[in-house]
Number of protein chains: 2
Amino acid sequence: MRVLYVEDAELLAGAVKHNLEKQGITTDLANNGEDGLDLAVKDIYDCVILDIMLPKLSGTDILKRMREKNIQTPVIMLSALSEVETKVGHLDKGADDYLAKPFKTAELIARIKAVVRRPKTVDAGIIKYGDLALDKTNATLNGEQLTAKEVEIMTEFMKNPENLISKEHLLVKVWGEGNICDDNYVETYISRIRKLLKRIKSHVKIVTVRGLGYKIMEK
Amino acid sequence: MRVLYVEDAELLAGAVKHNLEKQGITTDLANNGEDGLDLAVKDIYDCVILDIMLPKLSGTDILKRMREKNIQTPVIMLSALSEVETKVGHLDKGADDYLAKPFKTAELIARIKAVVRRPKTVDAGIIKYGDLALDKTNATLNGEQLTAKEVEIMTEFMKNPENLISKEHLLVKVWGEGNICDDNYVETYISRIRKLLKRIKSHVKIVTVRGLGYKIMEK
DNA sequence: GCTAGAACTTAAACCAAACTTAAAATCTTT
DNA sequence: AAAGATTTTAAGTTTGGTTTAAGTTCTAGC
């Protein structure tokens with residue numbers, strides 16, 4: 001088991017690391033938010049423990065960025081503040097548990113185990129942009145069922161939000177290199193997807209850039 | 001959302017019930033362990049909240065009996081004691097979360113939501129979804145006898161409710177890696193299972209996602 | 001404001017994927 | 001070894017995503 005602990009109080013961090021490792025939990029430390037986010041993104045951990053008050057980037061921000069990047073590692077938030085609202089807020093923002101400072105290492109270990117033991121969300125192939133969430137594994141956009149081609153097109157847009165994507169690019173990615181290219185394929189599907197976006201009342205729009213292609217933007 | 005709250009301090013129980021219901025969470029109350037266990041066994045809840053110190057049967061006992069009976073409803077334990085060991089112990093015995101008294105209702109609500117949101121634990125012999133209960137040890141679905149292959153297929157669906165499952169996945173899981181793959185195996189069985197679902201008048205449907213696979217959903 | 005090319009929309013046709021059914025083969029049980 | 005249950009095979013049918021095509025609307029440049 002391997003965890004990341006992002007904490008600026010170095011004395012505390014060292015003590016916790018020592019205690020966790022006594023229990024066989026390898027612990028990486030970061031003493032500021034930027035380094036923490038960096039490690040959380042680069043390396044694979046079983047669990048990430050985030051202090052909220054941190055230099056450079058708060059724990060809340062790290063959590064947010066991680067989930068944006070689609071990293072679904074379990075996260076436990078730590079804070080000296082015991083305000084209930086904060087707790088509620090974090091759990092809703094994608095944290096898996098919350099622990100108030102000061103805490104006993106035994107309790108932290110229990111929480112880590114509980115959180116790691118939970119079955120993984122099957123493989124969160126979810127890409128988010130604006131108010132949209134594309135679930136590639138389930139082929140749904142905000143819960144609406146999509147067809148295979150619709151998924152592939154939306155993937156291209158959502159992987160490159162606000163970036164121009166040419167019809168040729170879509171033809172290659174979705175229909176494959178070999179096939180004869182007819183822009184009307186793309187146009188037909190764009191039309192259908194726009195209808196869908198309107199139906200689900202999304203604020204995200206597919207904008208046409210005449211002669212060049214399309215891009216998605218928030219209204 | 002519907003929860004059961006087992007608590008002998010009636011004043012507290014009433015207040016919590018009131019606050020939960022304000023948030024749209026239907027709350028059943030029991031003021032002793034026996035009634036609590038009874039309700040937990042008979043009715044279907046999204047979450048069960050157990051005080052530990054209770055007349056007749058302790059919260060710990062209720063938890064134990066529930067898990068023995070293979071009821072996998074999420075459980076949150078409450079206690080005035082804040083000893084870490086107790087917390088650790090309960091989490092290891094199958095509780096899903098732990099909250100120390102006194103607590104604020106907002107915090108309880110956050111925990112309930114977090115715990116309900118988690119994907120279901122499955123290893124157990126009985127898996128439930130919607131109005132279906134698949135008993136793997138007896139090979140029955142709502143009492144109807146199933147064949148071995150039918151059980152395995154339903155297991156895959158019910159372990160991942162509302163999630164897309166491809167034919168290839170089913171072929172591997174049910175027929176094994178080595179075998180020659182013919183989608184028609186899956187199709188014939190899906191057809192039979194659909195007939196069965198109709199016969200028992202279940203609200204659960206197997207939905208086809210053309211080109212991608214199947215998923216189960218409540219009508 | 002006119003025009004031509006680009007982009008959009010719609011509906012119908014097509015065809016591979018999915019469904020159903022029943023009979024043959026295989027495995028189990030007595 | 002026969003009876004019964006389950007699984008596999010096969011063939012005919014249906015369905016719906018994709019393609020095709022035709023008509024309409026938009027937009028940039030004159």
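Letters A, B, ... mirror the listed sequences (proteins, then strands); counts begin at 1.
- Between the CD atom of B:E152 and the C1' atom of D:dT6 there is a distance of 13 Å, rounded to whole Å.
- Regarding B:L171, its CG atom lies at a distance of 15 Å from the C1' atom of D:dT9, rounded to whole Å.
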**Q.** Chi angles and distances behind the salt bridge (Lys or Arg N to Asp or Glu O under 4.0 Å) call for B:K173, B:E152
**A.** CA-CA 8 Å; B:K173 285 282 183 180; B:E152 291 182 70; over 6 Å; no
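- No side-chain heavy atom of A:I216 sits less than 4.5 Å from a side-chain heavy atom of A:E162.
- Looking only at distances, no side-chain donor or acceptor of A:N138 sits under 3.5 Å from a matching main-chain atom of A:T140.
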Q.
Return a single string for nucleotides 25-30 of chain D, one symbol per nucleotide in 5' to 3' order, where B is base contact, S is sugar-phosphate-only contact and - is none, cutoff 4.0 angstrom on heavy atoms.
A. -BBS--
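- The residue from B:K17, B:R2, B:M1 that alone fulfils the side chain to side chain contact (heavy atoms under 4.5 Å, CB included) condition with B:T26 is B:R2.
- Listed for the B:N142 side chain is a donor-acceptor partner under 3.5 Å among the backbone atoms of B:A133.
- A straight line from CG of A:D183 to P of D:dT20 spans 14 Å, rounded to a whole angstrom.
- Summary of the strand contacts: A:S191 and B:T188 both lie near DNA chain C, and taking for each the nucleotide with the nearest heavy atom, the more 5' one is attributed to A:S191.
- Sequence order on DNA chain D of the closest nucleotides to A:R192 and B:A148 puts B:A148 first from the 5' end.
- Put simply, CD on B:E187 is 14 Å from P on D:dT9, counting in whole angstrom units.
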For a quick test of your reading: what N or O donor-acceptor pairs under 3.5 Å do the side chains of residues 201-214 of chain A make, sequence neighbours left out?
{"from": "A:S202", "atom 1": "OG", "to": "A:D131", "atom 2": "OD1", "distance (Å)": "2.7"}
{"from": "A:S202", "atom 1": "OG", "to": "A:V204", "atom 2": "N", "distance (Å)": "2.9"}
{"from": "A:T208", "atom 1": "OG1", "to": "A:R194", "atom 2": "NH2", "distance (Å)": "2.8"}

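- A salt bridge is defined here as a Lys NZ or Arg NE, NH1 or NH2 lying under 4.0 Å from an Asp or Glu carboxylate O, and A:D61 with A:R65 fails to meet this definition.
- The shortest distance between the side-chain N/O atoms of B:Y189 and the OP1/OP2 oxygens of D:dT7 is below 4.0 Å.
- For the pair B:N184 CG and D:dA11 C1', the computed distance is 10 Å after rounding to whole Å.
- A:L146 CG to A:D135 CG: the interatomic distance, rounded to the nearest 0.5 Å, is 9.5 Å.
- One atom, OH of B:Y185, and another, P of D:dT6, lie 18 Å apart when rounded to the nearest Å.
- Side-chain nitrogen and oxygen atoms of A:W175 include none within less than 4.0 Å of the OP1 or OP2 phosphate oxygen of D:dT18.
- In the 5' to 3' direction, nucleotides of DNA chain C lying under 4.0 Å from heavy atoms of chain A begin and end at C:dG5 to C:dT10.
- Donor-acceptor pairing under 3.5 Å is lacking for the side chains of A:Y5 and A:D51.
- A:D182 has its CG atom 16 Å from the P atom of D:dT18, to the nearest Å.
- Of the side-chain N and O atoms in A:T147, one or more sit less than 4.0 angstrom from OP1 or OP2 of D:dT18.
- Place B:L212 and A:Y214 on DNA chain C by their nearest nucleotides, and A:Y214 ends up nearer the 5' end.
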